[in-house]
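A short worksheet on the structure shown next.
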Amino acid sequence: MMLKATIKNLNDVFALKQKTLDYIYPGFSWSKDYPTKETFKNDINKGELYLFYKQDTLIGVVCLNEEYDEHYNYVIWHSQKPALIIHRLFIDPQFRGKHLGEEILKWVIRYAINNKYKSIRLDTFSENRSAQHLYERLGFTHCGTIPLTGKTGLFWCYELILSQ
């Protein structure tokens, strides 16, 4: 079940993010400094943070909006705006490998179609092979590689064109 986060969820969201730091895997690019509790608080206050629950347990988090890094302007996208942008998608490390990321993304696709978006766009760290395979398996196309403001390394940009 997906629910829009409220400020009451902030500590649980941040605790789950902190938990991911104990399960670093190849291509993992987060740190204790990003994303911050303030980042999640802003996502919640703007009504953009969604929580994925299984049997009353918080399993995953995703932020959805139309905001993007300035470097997105250098990517050759295949659709016109409006595009829904995915940020900060993560799963409880205990539940990795159970296709829950795919379940969240399928919900995001339905959400985007229902809200009349032309496409979904996102970026992932260039070394995060598991995320890249997931996006490609769901039909996302690699559209370019960019740096992101304030982050180290390069990020692969993906887009999924939506048929209405």
Side-chain angles (χ1 to χ4, degrees), residues 1-23 28-70 72 77 79-125 128 130-132 134-140 148-151 155-164:
M1 163 176 44
M2 292 290 284
L3 297 173
K4 191 175 277 196
T6 68
I7 204 66
K8 291 181 203 172
N9 304 119
L10 180 60
N11 288 333
D12 291 339
V13 169
F14 193 70
L16 183 57
K17 177 264 179 171
Q18 292 299 99
K19 184 178 181 181
T20 66
L21 297 178
D22 295 333
Y23 293 86
F28 187 78
S29 64
W30 284 6
S31 70
K32 64 178 178 57
D33 300 319
Y34 178 83
T36 64
K37 196 174 214 180
E38 191 66 24
T39 302
F40 292 121
K41 183 177 180 184
N42 290 336
D43 293 342
I44 291 169
N45 287 337
K46 292 191 279 182
E48 300 172 345
L49 199 68
Y50 293 85
L51 310 178
F52 179 63
Y53 287 90
K54 283 277 189 190
Q55 300 167 351
D56 297 325
T57 301
L58 178 60
I59 303 294
V61 177
V62 64
C63 176
L64 304 173
N65 60 38
E66 296 180 17
E67 299 171 14
Y68 52 88
D69 187 277
E70 63 184 306
Y72 269 49
W77 301 106
S79 75
Q80 301 295 318
K81 295 178 184 173
L84 181 66
I85 314 295
I86 295 176
H87 306 274
R88 294 176 282 288
L89 169 61
F90 63 103
I91 303 290
D92 184 322
Q94 287 180 256
F95 295 94
R96 285 199 187 122
K98 297 184 183 332
H99 304 284
L100 298 175
E102 182 173 328
E103 201 170 323
I104 291 174
L105 284 169
K106 286 180 178 178
W107 180 89
V108 170
I109 292 166
R110 288 190 306 274
Y111 173 92
I113 290 169
N114 290 339
N115 287 281
K116 310 293 186 222
Y117 284 98
K118 305 275 188 219
S119 68
I120 300 171
R121 297 176 183 171
L122 59 87
D123 58 75
T124 188
F125 188 52
N128 190 341
S130 60
Q132 293 160 12
L134 170 61
Y135 302 137
E136 291 165 8
R137 192 169 65 249
L138 289 176
F140 284 79
L148 291 177
T149 305
K151 296 185 181 174
F155 292 79
W156 287 14
C157 295
Y158 284 91
E159 181 177 42
L160 177 69
I161 305 297
L162 301 172
S163 55
Q164 301 293 328

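Residues satisfying the salt bridge (charged side-chain N to carboxylate O under 4.0 Å, His left out) test with K151, not counting sequence neighbours, are none. Every side-chain contact (heavy atoms from CB on, under 4.5 Å) that K4 has, sequence neighbours left out, goes to Y50. Applying the ring-ring contact (aromatic ring centres under 6.0 Å, His included) rule to Y72 yields the partners Y68, W77; only residues at least two apart in sequence or on another chain are considered. Looking at residues two or more places apart in sequence or on another chain, you find a ring-ring contact (aromatic ring centres under 6.0 Å, His included) between Y158 and Y135, H142. With sequence neighbours excluded, no residue satisfies salt bridge (charged side-chain N to carboxylate O under 4.0 Å, His left out) with E66. Under the side-chain contact (heavy atoms from CB on, under 4.5 Å) criterion, L3 pairs with M1, Y53, sequence neighbours left out. In terms of the salt bridge (charged side-chain N to carboxylate O under 4.0 Å, His left out) criterion, residue partners of D43 (sequence neighbours excluded) are, by chain and number, R88. Looking at residues two or more places apart in sequence or on another chain, you find a side-chain hydrogen bond (donor to acceptor under 3.5 Å, both in side chains) between T39 and T36. Taking the side-chain contact (heavy atoms from CB on, under 4.5 Å) definition, one finds that T57 meets it with I59, sequence neighbours left out. Scored by the salt bridge (charged side-chain N to carboxylate O under 4.0 Å, His left out) test, K98 finds no partners at all (sequence neighbours excluded).
Under the salt bridge (charged side-chain N to carboxylate O under 4.0 Å, His left out) criterion, no residue pair touches residues 31-42, with sequence neighbours excluded. For residues 45-62, the pairs satisfying salt bridge (charged side-chain N to carboxylate O under 4.0 Å, His left out) are K46-E48, K46-E67, K54-E103, with sequence neighbours left out.
T20 and I91 make their closest contact through CG2-O, 4.0 Å (heavy atoms, listed as atom of the first residue, atom of the second, distance). In terms of heavy atoms, F40 sits closest to P35 at CZ-CG, 3.5 Å. Taking all atoms of both residues into account, the shortest heavy-atom contact from L58 to D92 is O-OD2, 4.2 Å. Among all heavy-atom pairs drawn from G101 and L134, the shortest one is C-CD2, 4.1 Å.
The shortest side-chain heavy-atom distance between M2 and R110 does not fall under the 4.5 Å cut-off. You'll find the side chain of N45 reaches within 4.5 Å of the side chain of I7, heavy atoms only. A 4.5 Å side-chain heavy-atom check between K116 and P82 finds every atom pair outside the cut-off. Residues I86 and V108 meet the side-chain proximity criterion, which asks for heavy atoms closer than 4.5 Å.
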- Task: Please report the C-alpha distance between L138 and L160 in whole Å, then the side-chain angles of each, then the deciding distance to 0.1 Å, and finally whether the side-chain contact (heavy atoms from CB on, under 4.5 Å) criterion is met.
- Result: CA-CA 8 Å; L138 289 176; L160 177 69; 6.0 Å; no
- Task: Tell me, with the steps shown, if D69 and F155 meet side-chain contact (heavy atoms from CB on, under 4.5 Å).
- Result: CA-CA 11 Å; D69 187 277; F155 292 79; over 6 Å; no
- Give the intermediate values and the outcome of side-chain contact (heavy atoms from CB on, under 4.5 Å) for residues F52 and V62. CA-CA 8 Å; F52 179 63; V62 64; over 6 Å; no
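Between the CG atom of L84 and the NZ atom of K118 there is a distance of 14.0 Å, given to the nearest 0.5 Å. Distance CG/N42 to CG/L49: 11.0 Å, rounded to 0.5 Å. For the atom pair L162 CG and I120 CD1, the distance stands at 4.5 Å (nearest 0.5 Å). Once rounded to the nearest 0.5 Å, the distance linking CG of L89 with CG of L105 reads 5.5 Å. A distance of 9.0 Å separates SG in C157 from CD1 in I85, rounded to the nearest 0.5 Å. Here the CD1-OH distance, from I161 to Y117, works out to 15.0 Å after rounding to the nearest 0.5 Å.
Donor-acceptor pairing under 3.5 Å is recorded for the side chains of E70 and T149. Between the side chains of S130 and N128, at least one donor N or O lies within less than 3.5 Å of an accepting N or O.
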